[in-house]
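For reference, the structure discussed in these notes is given below.
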Amino acid sequence: QVQLVESGGGLVQAGGSMRLSCTASGIGNPAMAWYRQAPGKQREFVARISVTGVTSVQNDLRGRFTVARDYDKNTVYLQIRNLQQDDTAVYYCNTYPPRNSWGQGTQVTVSS
């Protein structure tokens, strides 16, 4: 059974920082990624990290978003700084490319 559990979201003022966590099980040690879905919009790619820790971030988010992983904890992290209202979304983790099974995500809400 594949298990994807996201956590760390919440309500944050614009300009603040936040770290999201994702624990993954049942999928070995694949390339992982973060995705997000804002209200009324399609789910989009945010950032990915390879099995060896090489990272890539969506062009518009570079400089504010970083991704890392902790192999001992089977956890992938997404660090966000200088949060903007447009970052408000449900954030999901999954493999890269994604499988068609998703977790519940974690809600990030950025206020002005």
Side-chain angles (χ1 to χ4, degrees):
Q1 288 288 327
V2 176
Q3 296 288 334
L4 299 167
V5 182
E6 301 93 344
S7 62
L11 176 63
V12 183
Q13 288 191 358
S17 298
M18 176 174 286
R19 188 174 78 160
L20 310 181
S21 299
C22 167
T23 58
S25 62
I27 56 174
N29 186 33
M32 297 292 295
W34 286 93
Y35 309 82
R36 69 182 184 182
Q37 186 169 24
K41 297 183 179 179
Q42 298 288 331
R43 183 158 47 211
E44 65 176 348
F45 166 81
V46 173
R48 69 177 190 264
I49 184 165
S50 77
V51 297
T52 58
V54 178
T55 64
S56 181
V57 179
Q58 192 257 102
N59 288 341
D60 294 338
L61 305 180
R62 292 176 184 175
R64 299 195 301 113
F65 287 67
T66 57
V67 61
R69 68 194 306 167
D70 185 328
Y71 297 98
D72 292 337
K73 297 181 179 180
N74 296 319
T75 300
V76 182
Y77 303 97
L78 182 68
Q79 180 72 45
I80 315 172
R81 57 173 289 273
N82 192 22
L83 280 155
Q84 303 172 9
Q85 287 188 302
D86 286 347
D87 296 323
T88 294
V90 178
Y91 285 72
Y92 302 89
C93 66
N94 209 325
T95 57
Y96 185 86
R99 301 172 184 266
N100 59 8
S101 181
W102 299 82
Q104 292 182 328
T106 185
Q107 175 73 52
V108 173
T109 302
V110 184
S111 65
S112 61

**Report entry** By side chain to side chain donor-acceptor pair (under 3.5 Å) - contacts of N59 (at least two apart)
**Finding:** R62
Requested in this report: With sequence neighbours excluded, give me every salt bridge (Lys or Arg N to Asp or Glu O under 4.0 Å) pair touching residues 101-112.
Outcome: none
Query - Flag side-chain contact, heavy atom, 4.5 Å: V67 against V46 - result: no
Report task. Please check if I80 and L11 belong to a single hydrophobic cluster, counting links between Ile, Leu, Val, Met, Phe, Trp and Tyr side chain heavy atoms closer than 4.5 Å. Result -> no
Report task. Hey, could you give me the CD/CE distance between Q79 and M18, rounded to the nearest 0.5 Å? Result -> 10.0 Å
Query raised in the report: Can you hop from F45 to F65 via hydrophobic side chains spaced under 4.5 Å?
Result: no
Requested in this report: Hey, could you give me the OG/CG distance between S7 and L20, rounded to the nearest 0.5 Å?
Outcome: 8.0 Å
Report task. Please tell me if the side chains of V90 and E6 come closer than 4.5 Å, counting only heavy atoms from C-beta onward. Result -> no
Query raised in the report: disulfide bond (SG atoms under 2.5 Å apart): which pairs involve residues 29-112, sequence neighbours left out?
Result: C22-C93
Report task. For residues 92-112, pull every pair meeting side chain to side chain donor-acceptor pair (under 3.5 Å), keeping only residues two or more places apart or in separate chains. Result -> Q107-T109
Report summary line: Sorted by chain and number, sequence neighbours left out, side chain to side chain contact (heavy atoms under 4.5 Å, CB included) with V5 holds for T23
Query - Residues forming a side chain to side chain contact (heavy atoms under 4.5 Å, CB included) with N82, sequence neighbours excluded - result: R64, Q84
Report summary line: So the disulfide bond (SG atoms under 2.5 Å apart) pairs with at least one residue in residues 23-64 (sequence neighbours excluded) are none
Query - For S25, all residues meeting side chain to side chain contact (heavy atoms under 4.5 Å, CB included), sequence neighbours excluded - result: Q3
Query raised in the report: Is there any side chain to side chain donor-acceptor pair (under 3.5 Å) pair reaching into residues 29-41, and which pairs are they, with sequence neighbours excluded?
Result: N29-R69, R36-E44, R36-D87, R36-Y91
Report summary line: Residues at least two apart in sequence or cross-chain that pass salt bridge (charged side-chain N to carboxylate O under 4.0 Å, His left out) with R43, listed by chain then number, are none
Query - By side chain to side chain contact (heavy atoms under 4.5 Å, CB included) - contacts of D70 (at least two apart) - result: D72, K73, Y77
**Report entry** Pairwise side-chain contact, V57 with T66, heavy-atom cut-off 4.5 Å (strictly under)
**Finding:** no
For a quick test of your reading: what N or O donor-acceptor pairs under 3.5 Å do the side chains of residues 47-55 make, sequence neighbours left out?
from, atom 1, to, atom 2, distance (Å)
S50, OG, T52, N, 3.2
S50, OG, T52, OG1, 3.1
S50, OG, G53, N, 3.3
S50, OG, V54, N, 3.0

Report task. Establish whether L78 and V12 are linked, either directly or via other cluster members, by ILVMFWY side-chain heavy-atom contacts under 4.5 Å. Result -> yes
